[in-house]
Amino acid sequence: MNYLKPGRLLSNKKPMTKSVFIIEEMAETIYKITAAMQHVLNDGDFEEFEKLLLARHTAMKRIDTFKADYPSYQYTTKETNLLKDTLQLDQCIELQLKEKMTKIQTILNQIKKNKQYAKIYQPYLKQTDGVFIDSKK
């Protein structure tokens, strides 16, 4: 997975100017991961989607850690725009996920009904040569 660049941890020891670049990079990373999530969801690869979701969560935790270390930090215009675009993509993904979940729930309900029907008509399968064998006796 090429979506994350490993090895950058935030701490209070770094000057804030260097950390600002990390925030911008993390915002870009979150945007790229979210765009990849949408693409993967359209392809129906739910395992890769889950991996990307975890990677995005990790990047978001890094930004939260930075915000906790530097509470007075204000996002730049570029970062704000990236995060707004990410939010819009995320809302589209959420709608797609709800649609897919509804379809899957419908399929599961149909499978459940078919299974119930199979149990109801199962005694007919036990008939041999036109004779019904009562399995209760």
Side-chain angles (χ1 to χ4, degrees):
M1 179 167 48
N2 298 339
Y3 301 107
L4 284 181
K5 296 179 182 178
R8 297 243 173 132
L9 297 176
L10 299 175
S11 69
N12 287 333
K13 296 178 182 177
K14 292 183 179 181
M16 191 165 168
T17 55
K18 288 185 180 179
S19 297
V20 171
F21 295 115
I22 292 174
I23 290 295
E24 187 174 317
E25 183 179 311
M26 294 295 1
E28 287 176 6
T29 301
I30 290 171
Y31 178 79
K32 289 176 184 177
I33 291 172
T34 305
M37 285 170 58
Q38 186 176 28
H39 179 70
V40 167
L41 184 62
N42 289 336
D43 292 344
D45 187 358
F46 295 109
E47 290 177 13
E48 185 66 23
F49 180 81
E50 186 177 1
K51 290 177 186 177
L52 291 170
L53 188 63
L54 290 173
R56 186 177 76 163
H57 179 70
T58 302
M60 288 179 169
K61 283 174 65 175
R62 286 183 177 175
I63 288 180
D64 288 342
T65 302
F66 176 82
K67 286 292 282 181
D69 291 344
Y70 301 101
S72 62
Y73 177 77
Q74 298 294 319
Y75 290 116
T76 64
T77 306
K78 183 178 180 181
E79 293 165 353
T80 304
N81 290 336
L82 277 171
L83 293 174
K84 283 181 182 178
D85 292 344
T86 302
L87 181 62
Q88 289 176 348
L89 275 176
D90 194 53
Q91 290 170 347
C92 291
I93 289 171
E94 184 179 354
L95 289 175
Q96 288 176 335
L97 276 175
K98 284 182 181 180
E99 289 174 6
K100 289 186 183 286
M101 285 178 58
T102 303
K103 287 179 184 178
I104 290 171
Q105 189 62 42
T106 304
I107 292 169
L108 287 174
N109 287 338
Q110 186 63 38
I111 290 171
K112 185 177 177 182
K113 285 180 184 178
N114 290 343
K115 188 175 180 182
Q116 289 173 347
Y117 292 147
K119 285 183 181 180
I120 289 172
Y121 295 109
Q122 193 171 10
Y124 292 114
L125 299 175
K126 293 181 181 178
Q127 293 181 7
T128 57
D129 296 329
V131 178
F132 180 74
I133 300 172
D134 191 2
S135 61
K136 293 183 181 177
K137 289 186 179 183

Trainee: Could you grab the distance from atom OG1 of Thr65 to atom CZ of Arg62, nearest 0.5 Å is fine?
Mentor: 9.0 Å

Trainee: Out of the candidates Glu25, His57, Met60, only one should pair with Ile30 under the side-chain contact (heavy atoms from CB on, under 4.5 Å) rule; please name it.
Mentor: Met60

Trainee: Go through the steps for Tyr75 and Ile63 under the test side chain to side chain contact (heavy atoms under 4.5 Å, CB included), then give the verdict.
Mentor: CA-CA 11 Å; Tyr75 290 116; Ile63 288 180; 3.5 Å; yes

Trainee: Does Val40 reach the side chain of Phe46, with side-chain heavy atoms less than 4.5 Å apart?
Mentor: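 No. Closest side-chain heavy atoms not under 4.5 Å.
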
Trainee: Return all side-chain donor-acceptor pairs below 3.5 angstrom for residues 93-100, not counting sequence neighbours, or 'none' if the list is empty.
Mentor:
{"unit_1": "Gln96", "atom_1": "NE2", "unit_2": "Asn42", "atom_2": "OD1", "d": "3.0"}

Trainee: Which heavy atom of Glu24 sits nearest a heavy atom of Glu79, and at what distance?
Mentor: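 The answer is N-OE2, 3.3 Å.
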
Trainee: Could you give the side-chain donor-acceptor pairs of residues 83-90 under 3.5 Å, partners two or more places apart or in another chain?
Mentor:
{"unit_1": "Thr86", "atom_1": "OG1", "unit_2": "Leu82", "atom_2": "O", "d": "2.7"}
{"unit_1": "Asp90", "atom_1": "OD1", "unit_2": "Arg56", "atom_2": "NH1", "d": "3.0"}
{"unit_1": "Asp90", "atom_1": "OD1", "unit_2": "Arg56", "atom_2": "NH2", "d": "3.2"}

Trainee: Do the side chains of Tyr31 and Met26 join up, straight or via other hydrophobic residues, at under 4.5 Å, putting them in one cluster?
Mentor: no

Trainee: Hey, what do you get for CG (Leu53) to OG1 (Thr34), rounding to the nearest 0.5 Å?
Mentor: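 The CG atom of Leu53 sits 9.0 Å away from the OG1 atom of Thr34.
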
Trainee: CZ of Phe49 to CD of Gln38: how many Å apart, nearest 0.5 Å?
Mentor: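 Phe49 CZ to Gln38 CD: 10.0 Å, rounded to 0.5 Å.
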
Trainee: To the nearest 0.5 angstrom, please state how far the CD1 atom of Ile104 sits from the CG atom of Asn109.
Mentor: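 CG of Asn109 is found 12.0 Å from CD1 of Ile104.
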
Trainee: Nearest 0.5 Å, what's the OG1-CD1 distance between Thr102 and Ile107?
Mentor: 11.0 Å

